[in-house]
Amino acid sequence: MNLFRLLGDLAHLASILILLLKIRKSRSCRGISFKTQALYVVVFVARYLDLFFRYISLYNTVMKIFFIGSSCYILYLMKFRYRPTNDPSIDTFRLEYLIAPCVVLALIFNYQFWFTEVLWSFSIFLESVAILPQLFMLQRTGEAETITTHYLAALGVYRALYIPNWIYRYFSEGVVDPIAITAGIVQTGLYLDFFYVYFTKVLQGQKFELPA
């Protein structure tokens, strides 16, 4: 565990807590993509199946359980508790366009052709594009609540911090993970337009609005 990895994990944790705060405080999931949250459940479940047969550390185990549990809880809030505030008419991204290519990529690019290893690769590829339904929703509506943008910013920072983490691991441990690095760069790249608006508007006290 290095500083960049720790800060990345904390940013990821912060993003989930911000999202839960937004939903619970406003009693609404308006502006949140149910499809993106469902994809994150798939990502975490597929990646953390090793909870049942491999122990790394208490920190690792607690974080894995938290990510699975919190993502499922968010889906519960959106699907049942605050369902009237969820508008599927603007959450229309076709998930098969994301899931099918990720399955194919995982079958081709993996470190060992074992069930859990293929699932791990699938989760890495899927996480890199899981935010697309949310960004597509933002594109359709053209605006977002400030706290929603803070959630997305924390999520983007989490992925961005993994880039220096990989650089550090290469120089300190000689470790290179081409699958995770490629997927992480793709995911970070998807946030570039969002971050531009976030830094030039939201952090300046203005409302998040995409250019017309």
Side-chain angles (χ1 to χ4, degrees), residues 1-16 33 35-72 74-75 93-135 152 154-192:
M1 175 70 69
N2 61 70
L3 179 61
F4 301 114
R5 172 69 183 273
L6 177 61
L7 291 176
D9 286 351
L10 291 178
H12 196 184
L13 182 64
S15 71
I16 294 175
S33 169
K35 291 183 176 181
T36 281
Q37 299 307 315
L39 288 178
Y40 279 127
V41 170
V42 175
V43 166
F44 295 140
V45 170
R47 185 176 304 169
Y48 299 146
L49 281 180
D50 63 352
L51 274 170
F52 294 103
F53 55 84
R54 183 172 65 174
Y55 177 82
I56 298 176
S57 67
L58 179 61
Y59 170 84
N60 183 273
T61 299
V62 169
M63 292 295 277
K64 288 177 178 179
I65 293 174
F66 173 79
F67 288 135
I68 293 174
S70 60
S71 60
C72 290
I74 289 169
L75 276 194
F93 197 96
R94 301 285 295 274
L95 293 187
E96 58 267 31
Y97 294 157
L98 301 179
I99 295 175
C102 290
V103 170
V104 173
L105 287 172
L107 290 171
I108 298 173
F109 300 103
N110 54 74
Y111 297 124
Q112 288 180 309
F113 199 71
W114 294 348
F115 179 68
T116 54
E117 288 295 320
V118 171
L119 277 183
W120 179 85
S121 294
F122 168 71
S123 75
I124 294 295
F125 290 125
L126 187 60
E127 185 182 18
S128 71
V129 294
I131 198 63
L132 277 175
Q134 180 67 65
L135 296 178
L152 291 173
L155 203 55
V157 167
Y158 144 64
R159 290 313 303 177
L161 281 168
Y162 266 56
I163 295 176
N165 165 62
W166 295 318
I167 295 173
Y168 175 87
R169 293 193 66 190
Y170 172 74
F171 285 105
S172 65
E173 306 171 27
V175 174
V176 178
D177 188 339
I179 293 175
I181 291 173
T182 302
I185 291 174
V186 169
Q187 186 175 2
T188 304
L190 294 176
Y191 281 92
L192 292 180

Do the non-hydrogen side-chain atoms of [X] and [Y] ever get within less than 4.5 Å of each other?
X      : Y      : value
Asn2   : Ser172 : no
Ser15  : Leu13  : no
Phe44  : Ser70  : no
Arg169 : Phe4   : no
Leu152 : Ile131 : yes
Phe93  : Thr36  : no
Ile56  : Thr61  : no
Phe125 : Ile179 : yes

Under the rule for side-chain hydrogen bond (donor to acceptor under 3.5 Å, both in side chains), what residues qualify as partners of [X], not counting sequence neighbours?
X      : result
Gln187 : Arg159
Tyr162 : Arg5, Asp9
Tyr48  : none
Asp50  : Arg54, Lys64

Does Phe53 have more than 12 heavy atoms from other residues, nucleotides or ligands lying within 6.0 Å of its CZ?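 Above 12, so yes.
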Can you establish whether the number of heavy atoms outside Phe115 located under 6.0 Å from its atom CZ is more than 12?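 Counting other residues, nucleotides and ligands, CZ of Phe115 stays at 12 neighbours or fewer.
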Exercise: identify the closest heavy-atom pair between [X] and [Y]:
X      : Y      : result
Val43  : Glu127 : CG2-N, 3.7 Å
Val157 : Ala11  : CG1-CB, 4.0 Å
Ala130 : Pro133 : O-CD, 3.2 Å
Ser33  : Gln134 : N-OE1, 2.9 Å
Ala183 : Ile124 : CB-CG2, 3.5 Å

Determine, step by step, whether Tyr59 and Leu6 satisfy the side-chain contact (heavy atoms from CB on, under 4.5 Å) criterion, reporting the C-alpha distance in whole Å, the side-chain angles of both residues, the deciding distance to 0.1 Å, and the verdict. CA-CA 11 Å; Tyr59 170 84; Leu6 177 61; 4.0 Å; yes
Taking side-chain contact (heavy atoms from CB on, under 4.5 Å) as the test, write out the residues that go with Val118, two or more places apart.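 So Val118 forms a side-chain contact (heavy atoms from CB on, under 4.5 Å) with Ala106, Leu107, Asn110, Phe113.
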Which value, rounded to the nearest 0.5 Å, describes the distance between [X] atom [atom1] and [Y] atom [atom2]?
X      : Y      : atom1 : atom2 : answer
Phe66  : Ser71  : CZ    : OG    : 9.0 Å
Tyr170 : Ile181 : OH    : CD1   : 10.0 Å
Ile65  : Met63  : CD1   : CE    : 12.0 Å
Asp177 : Tyr111 : CG    : OH    : 3.5 Å
Thr188 : Tyr191 : OG1   : OH    : 8.5 Å
Leu95  : Leu39  : CG    : CG    : 5.0 Å

Give a yes or no answer on whether the side chain of Tyr97 reaches the backbone of Ala100 with a donor-acceptor pair at less than 3.5 Å.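 Judged by distance alone, no pair lies under 3.5 Å.
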Listed once per pair and sorted, the side-chain hydrogen bond (donor to acceptor under 3.5 Å, both in side chains) pairs that draw on residues 113-125, sequence neighbours left out: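 Only Arg47-Ser123 qualify under side-chain hydrogen bond (donor to acceptor under 3.5 Å, both in side chains).
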